[in-house]
Student: 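Please find one structure pasted underneath; my questions will follow.
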Amino acid sequence: MTFRAESFLKDFLKDEIGRNIAIQSLNQCTLLMWSAFEVLASDLFVRLINMRPQLASTLIRNENTKNLYRQKDITQSLANYDYDVSGHMGDILIEQARLDSLPTIKDVYRVLLGSGSSGLLTILDRKEFWYLYKARNVIVHRASIVDEQFRCDTGVTIQVGNKFRVTADEFDKFLVMVAEAGVAMTMAASNAVV
């Protein structure tokens, strides 16, 4: 049975349509992987702030995050919760600034977790994590078509106008790296609650 499946896959990948399907699948799985990380970062953020609402003032006052959370905008969100923010401060803040970019995630977690974020930030500071973030952007916003900005941001040598393709090896590395970041983020957030 294994031999038949392996033979079928080899034949499938020899065909141009099969190769294109495999390339698109890896790109889409990479996009989903980034999305899962983004959701984890956002959900942990909301939970952490809901449990320790005093952390909101840290974000509002810090130079790196104060522009994300403006007091005027927060005041407008209070009506959504009938002015009862107990247990909802994280929900209010996430409405003000989504955690949908690597720089924002790094800034927010650096401020929230302080020295407890060092392990997480070590992972997020890897050039491979930046590459994953930028790969996600080119897949979503440019239909995988490489532009000069992507080349500058990542250092890839793919010609402008060509399709970006995540390789199986890159995907494996991304998967391990995102799993490590997820564990580090979860552990750091858990320690901050205690």
Side-chain angles (χ1 to χ4, degrees), residues 26-49 55-56 58-70 73 90-158 160 163-192:
L26 279 174
N27 280 6
Q28 291 304 308
C29 287
T30 300
L31 170 62
L32 291 171
M33 184 187 326
W34 174 264
S35 297
F37 174 72
E38 211 176 276
V39 167
L40 176 65
S42 298
D43 287 353
L44 283 174
F45 170 85
V46 169
R47 180 94 170 137
L48 180 60
I49 301 295
L55 289 173
T58 305
L59 290 168
I60 292 168
R61 290 185 189 133
N62 186 280
E63 284 299 314
N64 294 319
T65 55
K66 70 181 183 183
N67 290 331
L68 298 173
Y69 308 104
R70 299 176 192 265
D73 296 333
D91 300 293
I92 291 169
L93 292 184
I94 202 76
E95 289 172 10
Q96 302 306 312
R98 294 178 44 215
L99 299 184
D100 59 359
S101 77
L102 183 58
T104 300
I105 292 168
K106 286 167 54 173
D107 284 346
V108 165
Y109 275 92
R110 181 180 292 114
V111 170
L112 277 181
L113 304 175
S115 62
S117 66
S118 63
L120 170 62
L121 294 175
T122 298
I123 297 168
L124 298 183
D125 283 338
R126 292 181 190 164
K127 65 180 181 176
E128 296 87 2
F129 221 97
W130 178 254
Y131 183 72
L132 169 61
Y133 168 61
K134 288 300 181 174
R136 175 261 181 221
N137 289 345
V138 80
I139 292 166
V140 170
H141 300 296
R142 303 228 358 110
S144 301
I145 304 294
V146 172
D147 62 357
E148 190 57 40
Q149 186 65 52
F150 180 70
R151 286 171 45 102
C152 289
D153 289 345
T154 62
V156 298
T157 57
I158 304 167
V160 171
K163 287 262 190 180
F164 170 75
R165 299 175 174 146
V166 176
T167 68
D169 286 340
E170 286 173 329
F171 182 80
D172 287 344
K173 289 175 186 171
F174 290 158
L175 187 59
V176 169
M177 184 174 60
V178 167
E180 290 173 353
V183 168
M185 183 177 282
T186 304
M187 295 299 294
S190 295
N191 291 336

Student: Which value, rounded to the nearest 0.5 Å, describes the distance between L112 atom CG and N62 atom CG?
Tutor: 9.5 Å
Student: Please list all pairs meeting side chain to side chain donor-acceptor pair (under 3.5 Å) that have one or both residues in residues 31-46, counting only residues at least two apart or in different chains.
Tutor: W34-E38
Student: Just verifying a value: how many Å separate T30 OG1 and M33 CE, rounded to the nearest 0.5 Å?
Tutor: 5.0 Å
Student: Is the Y131 ring parallel, tilted or perpendicular to the F174 ring (thresholds 30°, 60°)?
Tutor: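 The arrangement is tilted - the two ring planes meet at 30° to 60°.
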Student: Might you point out which heavy atoms bring F171 and V166 nearest each other, and give the distance in Å?
Tutor: N-CG1, 3.9 Å
Student: Please report the shortest heavy-atom distance between L48 and A192, naming the atom on each side.
Tutor: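 Shortest heavy-atom separation between L48 and A192 comes out as CD1-CB, 3.9 Å.
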Student: Quick check: do K163 and V146 have side-chain heavy atoms less than 4.5 Å from each other?
Tutor: no
Student: Who are the salt bridge (charged side-chain N to carboxylate O under 4.0 Å, His left out) partners of R110, not counting sequence neighbours?
Tutor: D107
Student: Would you compute the distance between atom CZ of F129 and atom CD1 of I105 and round it to the nearest 0.5 angstrom?
Tutor: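 Nearest 0.5 Å value for the CZ-CD1 distance: 7.5 Å.
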Student: Check step by step if side-chain contact (heavy atoms from CB on, under 4.5 Å) holds for D153 and W130.
Tutor: CA-CA 9 Å; D153 289 345; W130 178 254; 4.1 Å; yes
Student: If you round to the nearest 0.5 Å, how far is OG1 of T154 from CG of N137?
Tutor: 11.0 Å
Student: Are L124 and Y133 packed together at the side-chain level, in the sense that at least one heavy-atom pair is separated by less than 4.5 angstrom?
Tutor: no
Student: Below 4.0 angstrom, N of the basic side chain to O of the carboxylate: do E170 and K173 qualify?
Tutor: no
Student: Give a yes or no on this: more than 12 heavy atoms of other residues, nucleotides or ligands lie within 6.0 Å of atom CZ of R142.
Tutor: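 Check passes, neighbour count above 12.
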Student: Do F37 and L132 make a side-chain contact, defined as non-hydrogen atoms from C-beta onward lying under 4.5 Å apart?
Tutor: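 Sidechains of L132 and F37: no contact.
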Student: Closer than 3.5 angstrom, by distance alone: can the side chain of R61 be matched with the main-chain N or O of K66 as a donor-acceptor pair?
Tutor: no
Student: For residues Y109 and A41, report the shortest heavy-atom separation together with the two atoms involved.
Tutor: OH-O, 2.6 Å
Student: Which heavy-atom pair separates L113 from A189 by the least distance, and what is that distance?
Tutor: CD2-CA, 4.2 Å
Student: Between T65 (side chain) and L68 (backbone), is there a donor-acceptor pair under 3.5 Å?
Tutor: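 Flag not set: sc T65 to bb L68 has no pair under 3.5 Å.
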Student: For a 4.5 angstrom cut-off between non-hydrogen side-chain atoms, does L59 reach F45?
Tutor: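 Answer yes - side chains close enough.
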Student: Find out whether K106 and L121 are in side-chain contact, i.e. whether some heavy atom of one side chain is under 4.5 Å from a heavy atom of the other.
Tutor: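 Yes - at least one pair of side-chain heavy atoms lies under 4.5 Å apart.
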Student: Of all heavy-atom pairs between D91 and I94, which one has the smallest distance, and what is that distance?
Tutor: O-CG2, 3.3 Å
Student: Rounded to the nearest 0.5 Å, what separates atom CG in D147 from atom CD1 in I158?
Tutor: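 Here the rounded value is 11.0 Å.
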Student: Working to the nearest 0.5 Å, report the span between CG of L120 and CE of M187.
Tutor: 12.5 Å
Student: Closest approach of A184 and I123, non-hydrogen atoms and distance?
Tutor: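 In terms of heavy atoms, the two residues are closest at CB-CD1, 3.9 Å.
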Student: Tell me if a side-chain donor or acceptor on N27 pairs with a main-chain N or O of I139 at a distance below 3.5 Å.
Tutor: no
